[in-house]
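Note that the structure is predicted; figures quoted are calculated from it, not measured.
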Amino acid sequence: QVQLVASGGGLVQAGGSLRLSCAAAGRTFSSDPMGWFRQPPGKEREFVAVISWTGSTIFYEDSVKGRFTISRDNAKNTVFLQMNNLKPEDTALYFCAADPDGNYRNYRDYAYWGQGTQVTVSA
C-alpha cells in the first residue's frame, strides 16, 4: 500500500520556525511532483507549494513566498517544507501530496495524500 506520512508540526510563537517532513512508502515518487497544502480551521484546503521531480521548478502561494521553502530528497522518497517567520494565519493542518495530473494548485488533481500534521502559531 502507498503511504505518505507527514511530521514536524507543533505549537510555536509568531516569528518562529518549523520544518515539516513527508516520507513516502509503498511507491517511489522520484519521478513525480510533490506538494504541500494546508487547511485552516473552518476553511477550505489551500495550496502552499509544489516542487517538480528534479527540483528545478518550484511554485509557492503568494502568502508564503520568502518565508517557506519546499525541497525534496528523492533518494529518501521524502519532501520537506521549511517554514520561517511563522504567522498566526499560518495555523492549519498541513498535508503533503504527490503526483498531480492537472492543476498543481488544485488538491483534487493529486493522486496521493498524507494524513496531515498540525501547525499552530500563537500571537
Output the distance between atom [atom1] ([X]) and atom [atom2] ([Y]), rounded to the nearest 0.5 Å.
X	Y	atom1	atom2	result
E61	F37	CD	CZ	10.0 Å
E89	R38	CD	CZ	8.0 Å
K87	S122	NZ	OG	15.0 Å
K76	S30	NZ	OG	15.0 Å
T69	I58	OG1	CD1	8.0 Å
S17	R67	OG	CZ	10.0 Å

Taking all non-hydrogen atoms of both residues, which atom of [X] and which atom of [Y] are closest, and how far apart?
X	Y	value
S52	R72	O-NH1, 3.0 Å
P40	A92	N-CB, 3.6 Å
C96	A6	SG-CB, 4.2 Å
M83	L20	CE-CG, 3.7 Å
A123	P88	CA-CG, 4.1 Å
S71	V79	O-CG2, 3.2 Å

Would you say [Y] ends up clustered with [X] if hydrophobic residues are merged whenever their side chains have heavy atoms under 4.5 Å apart, either directly or through other cluster members?
X	Y	answer
V48	F29	yes
Y104	L81	no
F80	V119	no
V2	W36	yes
I51	L18	yes

Any side-chain donor near an acceptor of the partner, N103 and R105, under 3.5 Å: no
Validation row, ring centre Y107 to ring centre F95 under 6.0 Å: no
is_close_aromatic(F47, F59), centroid dist under 6.0 Å: no
Carboxylate-amine/guanidinium proximity below 4.0 Å for D62 and K65: yes
Side chain to side chain contact (heavy atoms under 4.5 Å, CB included) assessment of L11 paired with Q118: CA-CA 8 Å; L11 174 64; Q118 179 66 39; over 6 Å; no
More than 12 heavy atoms from other groups under 6.0 Å of CD on Q115: no
When you measure from the side chain of [X] to the backbone of [Y], do you find a donor-acceptor pair of N or O atoms at a distance under 3.5 Å?
X	Y	result
T117	Y94	no
Y110	M34	no
Q39	K43	yes
N74	W53	yes
N77	A23	no
Y60	I70	yes

For D101, the option from D32, D109, N106 that meets side chain to side chain contact (heavy atoms under 4.5 Å, CB included): D109
Side chain to side chain, F68 and L86, heavy atoms closer than 4.5 Å: yes
